[in-house]
2 protein chains.
Amino acid sequence: MEQDSRLAGTVRPGGRTARVRAAVLEATQDELVLHGFHGLSMDAVAARAGVGKTTVYRRWTGAAGLVADLMTELADQSAAHANTGTVEEDLRANALSVLAAITDERLGATLQAVIAAATCDKEAAAALSTFYERRIAEWGKSIDLAIRRGELPEGTDGHEVIRAISAPLYYRLLVTKEPVDKATAERSATRALVAARNGAFVG
Amino acid sequence: MEQDSRLAGTVRPGGRTARVRAAVLEATQDELVLHGFHGLSMDAVAARAGVGKTTVYRRWTGAAGLVADLMTELADQSAAHANTGTVEEDLRANALSVLAAITDERLGATLQAVIAAATCDKEAAAALSTFYERRIAEWGKSIDLAIRRGELPEGTDGHEVIRAISAPLYYRLLVTKEPVDKATAERSATRALVAARNGAFVG
DNA sequence: CCCCTAATGGGTCTTTAGTTCCGTTAAGAT
DNA sequence: ATCTTAACGGAACTAAAGACCCATTAGGGG
C-alpha cells in the first residue's frame with residue numbers, strides 16, 4: 001500500500017507494459033509528424049496507440065513528458081562517431097549525419113517537438129541536453145584523433161568544433177527557416193575545419 | 001455588409017484598437033515569461049490585458065497568431081548594424097547584440113516562444129523568417145564594408161558570416177541548453193572572423 | 001457636434017482536455 | 001499451476017478552452 005508513490009511501469013516493466021510504451025511512443029511520433037508539438041493531444045495519441053487514455057496520463061504526465069521520454073529513447077540509439085582516417089571526412093560525415101537526422105520526416109519532427117517542448121519544460125530540456133552532451137562527446141573523439149595525427153593544432157577544443165558544425169544547421173532549421181541541404185551541411189563542416197586549422201578553437 | 005470578410009482592426013486602427021493591441025501584446029509577453037509558449041492561454045492573456053477574451057480570439061486566431069504578431073512588432077524595432085571601423089569590433093558588437101536579445105528576460109522568452117510556435121505554425125514561421133532575413137541583411141553590410149576596406153577576401157558571403165556568428169548562440173539556447181554568456185558570444189564572433197579571413201565564406 | 005458602424009465585452013453555449021473511480025487483465029513470484 | 005497485485009481500460013465526471021450572440025462603446029468622416 002506504499003508503492004503508489006512510485007511511478008507506474010517500474011515494478012512490472014516486461015510484457016504488456018513494454019508493448020504499451022512502444023505503441024504510445026510510435027503513436028506520438030506519428031502525431032508529431034502530422035500536427036507538431038503544439039497540436040499534440042494525449043487523447044489522439046492514446047487512440048492511435050490503441051491504449052486507454054487513462055494509461056497515457058498515468059505513465060506520462062503530459063505532452064512534454066511524452067516527447068521527453070521519446071528523446072530519452074533516441075539517446076540510447078545514437079550512433080558512434082566516424083573514423084575515416086582524415087578530419088575532413090570525419091567532419092563531413094558528422095555534418096551529413098546531422099542533416100540526415102533533421103531532414104528525416106519522423107526524426108526531424110520529433111527533434112523539433114522536443115526543442116519546442118524544452119523551451120518551457122524542464123524534463124524535456126534535460127532530455128535534450130543529455131542527448132546532445134552524449135553526441136558531442138562521442139563525435140569529439142574524431143577531433144582528438146585528428147590532433148594526434150597532427151591534422152589540427154594541439155589544444156583544439158573538440159566539443160566546440162562539433163558544436164560549430166551542427167549549429168548552423170539547427171539555426172536554419174529552427175530560426176531562419178531556410179532549407180537545409182547537403183551543400184549547406186558540407187559548407188558548415190568545411191568552415192568549422194578552416195577555423196579549427198587556424199587555431200580558432202584552441203584554449 | 002461585406003467588410004466582415006476583412007480582419008477586425010484594419011478599418012479603424014487608431015485609438016482604442018491600438019490601445020487594445022498594445023495591451024494584449026504586452027500581456028502576451030508577461031505570460032510567456034511566466035509559462036512559455038506551451039502554457040500560453042488566450043484567456044489569461046485577455047484577463048491580464050484587461051480586455052474581453054472575445055476580442056483576443058477575434059483579432060488573433062490563436063496562441064500562434066499572438067506570438068507571430070509579437071514577432072512582427074519586434075521586426076519593426078530592429079536596430080541598425082554597427083560601424084565601428086573594424087570588422088573585428090563590428091562582429092563583436094553583432095554577437096553581443098544577439099547575446100543581449102536572448103538573455104533579456106522578456107525578449108528572450110518571446111524569441112523562444114516564437115521559435116517553438118514556428119515548429120508547427122506557418123504564420124509564426126513566416127514572421128520569424130522575415131525578422132531574421134532583415135536582421136541578417138542589415139548586419140551583412142558590416143561585412144561588405146570590411147571587404148571594401150580590404151579586411152576580408154573579395155567575394156566573402158556576408159550573410160553567411162552573420163549567420164555563422166548567431167548560430168552557435170541559438171544552438172546553445174535552444175538545443176544543448178548550455179548557458180550563453182559574453183565569452184561564448186565573443187568566441188563565436190572570433191571564430192567566424194578567422195574562418196572568413198581564410199576564405200571559408202567565399203563563393 | 002452628430003451620425004454611422006467598426007470594434008469591444010459580457011454572457012452563454014459547445015467542445016475538448018484532463019481526472020477519478022472501479023472492474024478487468026496479465027506480470028511474475030512461489 | 002496458482003496467487004497476488006501491478007498495470008490497463010472503459011465510463012462518468014470536472015475544468016478549461018474556444019465559439020457565438022447581441023447589446024454597448026467609441027473612431028473618424030461628414
Side-chain angles (χ1 to χ4, degrees), chain A residues 1-28 31-32 34-69 117 120-121 123, chain B residues 1-28 31-32 34-69 117 120-121 123:
Chain A
M1 47 171 63
E2 294 216 356
Q3 58 274 55
D4 38 35
S5 62
R6 194 162 295 157
L7 207 63
T10 53
V11 180
R12 291 179 185 173
R16 178 169 61 169
T17 297
R19 282 195 303 277
V20 165
R21 177 159 185 261
V24 168
L25 294 186
E26 268 300 304
T28 302
E31 288 292 317
L32 287 177
L34 292 172
H35 314 293
F37 177 66
H38 188 236
L40 186 64
S41 134
M42 302 289 275
D43 229 329
V45 169
R48 182 182 288 270
V51 304
K53 74 169 177 168
T54 313
T55 302
V56 181
Y57 278 109
R58 186 167 32 225
R59 292 191 47 191
W60 297 272
T61 350
L66 266 179
V67 297
D69 194 23
C120 54
D121 179 85
E123 209 183 335
Chain B
M1 44 170 67
E2 295 217 354
Q3 59 274 55
D4 38 37
S5 62
R6 193 164 294 156
L7 208 64
T10 54
V11 180
R12 290 178 185 173
R16 179 170 59 168
T17 297
R19 282 195 303 277
V20 165
R21 176 160 187 261
V24 168
L25 294 186
E26 269 300 304
T28 301
E31 288 292 317
L32 287 177
L34 292 173
H35 314 292
F37 177 65
H38 188 236
L40 186 65
S41 134
M42 302 289 274
D43 230 329
V45 169
R48 182 183 288 270
V51 305
K53 71 171 175 167
T54 313
T55 302
V56 181
Y57 278 109
R58 186 166 33 224
R59 291 187 51 190
W60 296 272
T61 348
L66 266 178
V67 298
D69 194 24
C120 54
D121 179 84
E123 209 182 336

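Each chain gets a letter, A, B and so on, in the order its sequence line appears, and its residues count up from 1.
Taking both residues in full, the closest heavy atoms of A:His35 and B:Cys120 are given as O-CB, 3.7 Å, listed atom of the first, atom of the second, then distance. When every heavy atom of B:Leu66 is checked against every heavy atom of B:Val24, the shortest pair comes out as CD2-CG1, 3.6 Å.
Look at B:Ser41 and you'll find a side-chain N or O under 4.0 angstrom from OP1 or OP2 of D:dA17. In terms of phosphate contacts, B:Arg59 brings no side-chain nitrogen or oxygen within less than 4.0 Å of OP1 or OP2 of C:dA6. Using a 4.0 Å cut-off, no side-chain N or O of B:Tyr57 falls inside it from OP1 or OP2 of D:dA19. Applying the 4.0 Å criterion to OP1 and OP2 of C:dA7, one finds that B:Thr17 has every side-chain N and O outside that range. In this structure, A:Thr54 does not reach the D:dC8 phosphate: none of its side-chain N or O atoms is under 4.0 Å from OP1 or OP2.
To the nearest 0.5 angstrom, B:Met42 atom CE is 5.5 Å from B:Tyr57 atom OH.
Between B:Glu31 atom CD and D:dA16 atom C1' the separation is 15 Å, expressed in whole Å. Distance A:Trp60 CH2 to D:dA7 C1': 12 Å, rounded to the nearest Å. In this structure, B:His35 atom NE2 and D:dA16 atom P are separated by 13 Å, rounded to whole Å. B:Arg21 has its CZ atom 18 Å from the C1' atom of D:dG27, to the nearest Å. B:Leu40 places its CG atom 15 Å from the C1' atom of D:dA16, with the value rounded to the nearest Å. Per the geometry, NE2 belonging to A:His38 stands 12 Å off C1' belonging to D:dG18, to the nearest Å. Rounding to whole angstrom units, CZ of residue B:Arg58 and C1' of D:dA19 are separated by 11 Å. With rounding to whole Å, B:Arg19 atom CZ is found 12 Å from C:dA7 atom C1'.
For A:Lys53 and C:dG18, a side-chain-to-base donor-acceptor distance below 3.5 Å is present, hydrogens and geometry of angles not being considered.
Both B:Arg16 and B:Asp43 lie close to DNA chain D; mapped to their nearest nucleotides by heavy-atom distance, the more 5′-ward contact belongs to B:Asp43.
Using a 4.0 Å cut-off between charged side-chain N and carboxylate O, A:Asp69 and A:Arg21 make a salt bridge.
Taking the side chain as every heavy atom from C-beta outward, A:Arg59 and A:Val20 approach each other to under 4.5 Å.
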